[in-house]
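Just below is one structure, and these are the notes that go with it.
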Amino acid sequence: MQDILTLSNVILDSLSDGVYVCDKNRTIVYWSKSAERITGWTQQDVVGRRCLDDVLCHIDKDGHRLCGEEFCPLHRAMVTGNSTSVPLIVFAQAKDGRRVPMQVSVAPIRDSKGDVVGGVETFRDVSAVLADLKRAERIQTLSLEQDLPADGRIRFSTVYTPHDIVGGDYLAIRQLDADYYGFLLADAMGHGVAAALYTMHLSSLWSRFHSRLLSSPAEFAGAVNNELGKVVKDESFATAVCGVIDAEKRILRFSSAGAPPVVVFRADGRVEQIESPGIPFGIMDDSDYDDVEAKLAAGETLLVFSDGAFEIHNAEGELLGVDGLIRILQRLDYPAVALRRESLEEELLRFSNRIRLDDDVTLIEVRFS
C-alpha cells in the first residue's frame, strides 16, 4: 500500500478533484491537496483517522447518513471489488461545519496478487450545479398541481419522492366542476434533468387538455400521446394513468398508458387491482386508449402510483411487484392508518437493501368519506 501511495502522490496532488485513500479498515492513509482545498480538512487533520470518524460524514439529499458499513459507497467498493460512480449528489462535512455538495466516485485498490487492500474515493465540489438544480426543483414543484378545495365527500393526498434533486414523475389533480375531479400521474423514462424537462412539457399538456377528462380520459390520453410524440422523437416515453372521479356518485373513470394497475382498498378488506390497456405516451402516434370504469363506496380508498414504488429488487434479485407493495402497505396498517412517506420509504429500502431507491416514487391517494 505504501509503495502505491509513494508513486502516486505527485500525480494525485495535481488533480483538481479531491482524492483520498484508505486501507481496508477505512483508515485514511493519503489526503490530496485538492481534498484540503475543497473541504478545509488538512492531511494533519485526517491521516490516521477512519473516514467515518467525524470527518466527511456524508449524507444524501434527504439527510440520510451514508457512513458506516451498510450505506458507505467506498466500503461497498472494497467488499465487492467493483468501481462505481455514485449517481446522486452527496453532501460532505467541511472542517468549518458547512455541507459541501459533491459528485463521488469510488474504487477498490488491489495489490500485485489482485487482493483488495484498500479503497480510493475521488470527489468534486458541485455547488454551482446544485444551485441550478435547486432552481429547477422550485420550478418543477410549482408545476405539480394539487391545490384542491375542501370537499367532505372526497380527500386527496400525495407522496412524491424524486430520486434526485429533480424527478421524472409528474402528478396533477384539479377540480373540474362541482362534482368532478381530474387527475394525472405520469412517469417519464429515466430520472434526473432530462426526465424533469419532459415533466415540464407534461405540465403544459395537462393545462391544455385536462378539460377533456370530463368527456373521456381515453380522449385526453390520445391527445397527450400525440403531442408528446412530437417532442420525444422515439428517444423517450412516459407511462401514465389519467382519470376523472365523480365525488357524488363515487365513480372512477380512467385510462392507462402502460401504467401500473389502479388499486382499490375495499371497505370489506378486499384489495382489487384494476387494469387498463394502453401503450406508453410518445411511442406511437394515434394510439388507441380505453376508458375503464369502477364504482367505489363510502370508506374505500383508491391508490395510483408510479412503477418506482414496486419495480424494486432485493439482494437475491426478487422483484417486489404490486403484490409486494400491497403487503408492505398492509403491514403499515394501511388504509386504516394514513400513508406516510417516511414509513413507506423505510420499508421499500429495507426490502431493497440499497442506499437509495433506484427511481422516483409517486403515489396519489383518494379516500371516499
Counting only heavy atoms not in R124, do more than 12 sit closer than 6.0 Å to its CZ atom? no
Ring-ring centroid check F183 F156, cutoff 6.0 Å: no
In terms of relative ring orientation, are F220 and W206 parallel, tilted or perpendicular, with 30° and 60° separating the classes? perpendicular
Under a 4.0 Å threshold between the charged nitrogen and the carboxylate oxygen, would R266 count as salt-bridged to D268? no
side-chain contact (heavy atoms from CB on, under 4.5 Å) partner of M102, chosen from I38, L130, D17: I38
Between the main-chain N or O of S255 and the side-chain N or O of S276, is there a donor-acceptor pair closer than 3.5 Å? no
Assess the residue pair D96 and R98 against the criterion (salt bridge (charged side-chain N to carboxylate O under 4.0 Å, His left out)); give the C-alpha distance rounded to whole Å, side-chain angles, the decisive distance to 0.1 Å, and a yes or no. CA-CA 6 Å; D96 61 8; R98 292 177 298 116; 2.8 Å; yes
Smallest separation among heavy atoms of V244 and L213, with atom names: CG1-O, 3.5 Å
Just verifying a value: how many Å separate S216 OG and D291 CG, rounded to the nearest 0.5 Å? 3.5 Å
Determine whether R153 and D179 satisfy the following criterion, salt bridge (charged side-chain N to carboxylate O under 4.0 Å, His left out), listing intermediate values before the conclusion. CA-CA 9 Å; R153 302 166 298 178; D179 292 326; 2.7 Å; yes
Report the distance from atom CG of L339 to atom OG1 of T158, rounding to the nearest 0.5 Å. 9.5 Å
What's the spacing between E248 CD and I154 CD1 if we round to 0.5 Å? 11.0 Å
Around atom NZ of K295, are there more than 12 heavy atoms from other residues, nucleotides or ligands closer than 6.0 Å? yes
What's the spacing between F209 CZ and L184 CG if we round to 0.5 Å? 12.5 Å
I want to check something: taking the side chain as every heavy atom from C-beta on, are S352 and N314 in contact at a cut-off of under 4.5 Å? no
Once salt bridge (Lys or Arg N to Asp or Glu O under 4.0 Å) is applied, do any residues pair with D115, and if so which ones, sequence neighbours excluded? none
For the student: nearest non-hydrogen atoms of T301 and P335, plus distance: OG1-CB, 3.8 Å
In terms of ring plane angle, is the pair F123 and Y20 parallel, tilted or perpendicular, where the classes change at 30° and 60°? tilted
Checking V100, D60, I59 against F91 for side-chain contact (heavy atoms from CB on, under 4.5 Å), the one that qualifies is I59
Quick one: do D125 and R37 make a salt bridge, cutoff under 4.0 Å? no
Test salt bridge (charged side-chain N to carboxylate O under 4.0 Å, His left out) applied to R208 and E227, step by step: CA-CA 11 Å; R208 183 174 166 188; E227 290 297 320; 3.4 Å; yes
If you take all heavy atoms of P108 and A77, which pair is closest and at what distance? CB-O, 3.6 Å
Report the residue from T161, L329, L349 that forms a side-chain contact (heavy atoms from CB on, under 4.5 Å) with L344. L329
If only atom types and distance count, is the side chain of D360 paired as donor or acceptor with the main-chain N or O of H163 below 3.5 Å? yes
Distance-only, no hydrogens or angles: does the E300 side chain make a donor-acceptor pair with backbone N or O of F265 under 3.5 Å? no
Reported CZ-to-CD1 distance for the pair R50 and I28, which is rounded to 0.5 angstrom: 10.5 Å
List the atom of Y289, the atom of P280, and the distance in Å for their closest heavy-atom pair. OH-O, 3.9 Å
Given the rule that I, L, V, M, F, W and Y join up when any side-chain heavy atoms are under 4.5 Å apart, are I251 and I364 in one cluster? no
Minimal non-hydrogen separation, Q93 against C57, with atom names: NE2-SG, 4.0 Å
Are more than 12 heavy atoms from other residues, nucleotides or ligands located less than 6.0 Å from atom CZ of R155? no
Minimum-distance pair of heavy atoms, taken over all atoms of N225 and G282: OD1-N, 2.8 Å
Is there a salt bridge (charged side-chain N to carboxylate O under 4.0 Å, His left out) between K113 and D111 once you walk through the steps? CA-CA 5 Å; K113 298 177 182 178; D111 62 15; over 6 Å; no
